[in-house]
Chemist: 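Shown below is the structure under consideration.
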Amino acid sequence: MVCIGWSDLSHRGSIICTISYLSEMKLDLLAIGAHPDDVELGCSGTLIKEIKRGKKVGIIDLTQGELGTRGTVETRYAEAADAAMIMGISVRENLKMRDGFFKNDETHQMQLVKMLRKYRPEVVIGNILEDRHPDHGRGGWLIYDSCFLSGLRQVKTYKEDGSEQEKWRPKMLLHYIQDRFYEPDIIIDISDEWEQRMESIKAYKTQFYDPASTEPQTYLSNPEFIEGLTARARLLGKRIGVRYAEGFLSKKNIGIHNLDALVLNET
Ligand SMILES: [Zn+2]
């Protein structure tokens with residue numbers, strides 16, 4: 001895994017992090033989250049599934065989650081790296097936008113356009129367009145607008161060496177469901193990935209329930225939060241006749257090549 005801008009983590013034994021701004025790795029799938037842990041909570045089952053199928057998957061965190069009540073920016077980086085290792089992610093970058101206050105404006109869009117052109121993902125999965133935390137909705141629209149702008153030749157961006165980046169528009173943008181429930185446009189069976197998904201979420205040790213922790217209890221650290229995640233995945237699974245599933249929304253219609261892609265059972 002390449003962790004760009006994470007040189008401070010290079011001491012961690014299990015993780016090799018190199019600063020590699022010249023990396024031109026092409027990704028099949030790029031997952032983007034406003035906060036480190038959004039991606040794990042929203043779509044880690046699907047990411048793990050795609051990685052198991054041999055796809056190259058990366059993650060971009062927009063902020064460092066510095067407004068989080070528990071833990072620190074440092075612990076969050078370490079936890080995000082651990083979660084990425086558990087999932088088998090190829091690259092994870094943090095854009096260091098301001099937690100709680102980043103905007104969907106030209107400056108932030110250009111930051112993201114650069115990433116989309118650098119990694120050229122076929123599919124992007126990002127935050128939903130409206131949620132309990134305003135960063136999620138704002139992040140969702142920032143991702144939505146950036147995916148469009150990235151496909152325009154006249155929007156100019158440059159690599160580290162000064163050469164121009166080529167335009168790139170992902171073919172599909174899906175939005176993962178986080179806190180508020182929305183009727184999904186597509187439901188993906190993640191029953192076989194469930195254990196690994198929960199492991200990736202629990203990598204955020206400071207955020208979730210820990211009876212030994214002396215930090216203040218939060219919405220996330222309440223033991224019922226994890227129970228709620230399981231209930232949500234079971235509910236979505238029930239809809240398609242499998243044990244666990246993740247749901248996604250899309251502004252664009254979703255097409256399939258043939259009926260083999262359908263989950264078939266008697267629901
Ligand atoms: Zn979040």
Side-chain angles (χ1 to χ4, degrees), residues 6 30-47 57-84 86-87 89 92-104 108 111-112 115 124-146 173-182 184 197-210 213 215-233 236 246-249:
W6 290 18
L30 178 64
I32 307 174
H35 311 113
D37 84 7
D38 282 359
V39 162
E40 284 79 359
L41 291 166
C43 63
S44 50
T46 300
L47 301 190
V57 177
I59 296 177
I60 288 179
D61 302 308
L62 300 181
T63 75
Q64 301 176 102
E66 64 269 26
L67 294 187
T69 306
R70 291 159 67 107
T72 62
V73 166
E74 288 69 33
T75 56
R76 237 177 300 290
Y77 269 116
E79 290 165 351
D82 286 344
I86 291 164
M87 289 185 278
I89 297 298
R92 185 166 200 157
E93 288 207 50
N94 194 302
L95 297 188
K96 299 182 179 173
M97 293 178 183
R98 261 186 89 202
D99 191 5
F101 298 99
F102 70 84
K103 291 189 164 60
N104 178 15
H108 294 81
Q111 254 187 292
L112 207 43
M115 292 295 117
V124 169
I125 307 186
N127 291 104
I128 196 135
L129 300 172
E130 195 185 341
D131 205 14
R132 170 180 173 269
H133 197 310
D135 278 3
H136 295 169
R138 206 165 349 93
W141 280 111
L142 171 61
I143 296 161
Y144 183 92
D145 291 345
S146 302
L173 169 59
L174 299 174
H175 301 278
Y176 46 81
I177 300 169
Q178 267 187 268
D179 190 77
R180 304 272 186 261
F181 188 73
Y182 292 92
R197 169 185 150 87
M198 292 313 284
E199 245 189 90
S200 78
I201 291 170
K202 288 174 182 167
Y204 290 87
K205 292 188 195 76
T206 60
Q207 300 303 297
F208 299 108
Y209 180 63
D210 173 7
S213 173
E215 293 206 77
Q217 283 292 339
T218 64
Y219 181 75
L220 294 183
S221 71
N222 184 321
E224 286 175 12
F225 182 80
I226 295 279
E227 236 180 270
L229 283 182
T230 309
R232 169 75 57 81
L236 288 166
E246 286 171 342
F248 301 91
L249 284 84

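In listed order, ligands and their atoms are each counted from 1. Just so you know, these numbers come straight off a predicted model, no measurement behind them.
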Chemist: Picking from His133, His35, His136, Gln178, what satisfies side-chain hydrogen bond (donor to acceptor under 3.5 Å, both in side chains) with Asn127?
Modeler: Gln178
Chemist: Answer with yes or no whether the side chains of Glu79 and Thr206 bring together a donor and an acceptor at under 3.5 Å.
Modeler: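 There is such a pair (donor and acceptor under 3.5 Å, judged by atom type) between the side chains of Thr206 and Glu79.
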Chemist: Check this for me, if you would: do Arg197 and Glu40 make a salt bridge, where the nitrogen-to-carboxylate-oxygen distance has to be below 4.0 angstrom?
Modeler: no
Chemist: Restricting to N, O or S atoms, which atom of His136 is closest to the Zn ion (ligand 1)?
Modeler: NE2
Chemist: Just checking, any donor-acceptor pair under 3.5 angstrom between side chains of Thr63 and Arg98?
Modeler: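 There is no such pair between these side chains.
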Chemist: At a threshold of 2.8 Å, where the distance has to be below it, does the Zn ion (ligand 1) have an N, O or S atom of Asp38 nearby?
Modeler: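 Asp38 does place an N, O or S atom closer than 2.8 Å to the Zn ion (ligand 1).
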Chemist: Kindly confirm whether the Zn ion (ligand 1) is within less than 2.8 Å of some N/O/S atom in His35?
Modeler: yes
